[in-house]
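Notes follow the structure.
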Amino acid sequence: MCGRLGPSSAPPTPIPCRAASARGCWRASAEQLRRLVLEQSWDEDAQTLSAHLDGGGILDASLLPLPLRQVVPADHPRMVATTRAVAERLSAGDGLLYRYLHEETSDGLPGDEGAFVLRSFWLVDNLIGQGRIEEAEELYASLCARTSPLGLLSEHINPSTGEFMGNFPQAFSHIGVIASGVNLTRAKAGAQG
């Protein structure tokens, strides 16, 4: 969970705990953790969940899998607002997302990162969960169009050049292709049936 920013940069620590405690006899604890994240991570000024429990306004695209981890539904008003903020403020253009803004958050490492491919697929999943199927389908198609001639994706993409960066091929990016594709297919079938 630490990544480039260290332990304090991770989405609120209770998030993975909430996902783990949602099983078995821990349901009461899971609900407490969900409330903790929704209440203490919310930044009223920024109108978004924050990457810290103090609501310090640090926006991180790693907040997008909160619905996947069953912390908050994709269509919860605070998740809708967070999805919008991530899509607007962390946009690298053409559906690509930065994890965070380097000018707002110093990670202590030289250089910049490209746009994280998996995070864009998390955006697809949030759009689906919010009933924005057309938008999700367009974003999904644009991401899939970025694959190599062999249908592979990297970890990052340079938003200026489209060049692959980081690990190649990247399994997590391909998990995003599969998971979002399944979610999109199910949502479209549900809308037709």
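On a predicted model such as this, the values are computed, not experimentally measured, just so you know. One is the number of the first residue; the rest follow in order along the sequence.
Using modelled atom types, one finds a donor on one side chain and an acceptor on the other under 3.5 Å when comparing Asn167 with Glu155. No hydrogens or angles considered: nothing links the side chains of Trp42 and Gln40 as a donor-acceptor pair under 3.5 Å. A side-chain donor-acceptor contact under 3.5 Å links Asp125 and Ser180. Residues Gln130 and Thr83 have side chains that bring a donor and an acceptor to within less than 3.5 angstrom of each other.
Rounding to the nearest 0.5 angstrom, the gap separating the CG atom in Leu127 from the CD atom in Glu137 is 12.0 Å. Distance check: Leu63 CG to Leu59 CG gives 6.5 Å after rounding to the nearest 0.5 Å. Taken from CZ in Arg99 to NE2 in His156, the straight-line distance is 10.0 Å, to the nearest 0.5 Å. With rounding to the nearest 0.5 Å, the separation of CH2 in Trp122 from CZ in Phe116 is 9.0 Å. Within the model, atoms CD1 of Ile128 and OG1 of Thr185 stand 8.5 Å from one another, a figure rounded to the nearest 0.5 Å. Atom OG1 of Thr82 is separated from atom CG of Leu66 by 7.5 Å, given to the nearest 0.5 angstrom.
A distance-only check finds a donor-acceptor pair linking the side chain of Ser120 to the backbone of Gly95 [under 3.5 Å]. Counting only distance, with no hydrogens or angles, the side chain of Ser41 and the backbone of Leu49 share no donor-acceptor pair below 3.5 Å. At least one donor-acceptor pair under 3.5 Å links the side chain of Gln47 to the backbone N or O of Glu44.
Residues Leu143 and Leu139 meet the side-chain proximity criterion, which asks for heavy atoms closer than 4.5 Å. When side chains are defined from C-beta on, Arg119 does not count as touching Leu96, because their heavy atoms never get closer than 4.5 Å.
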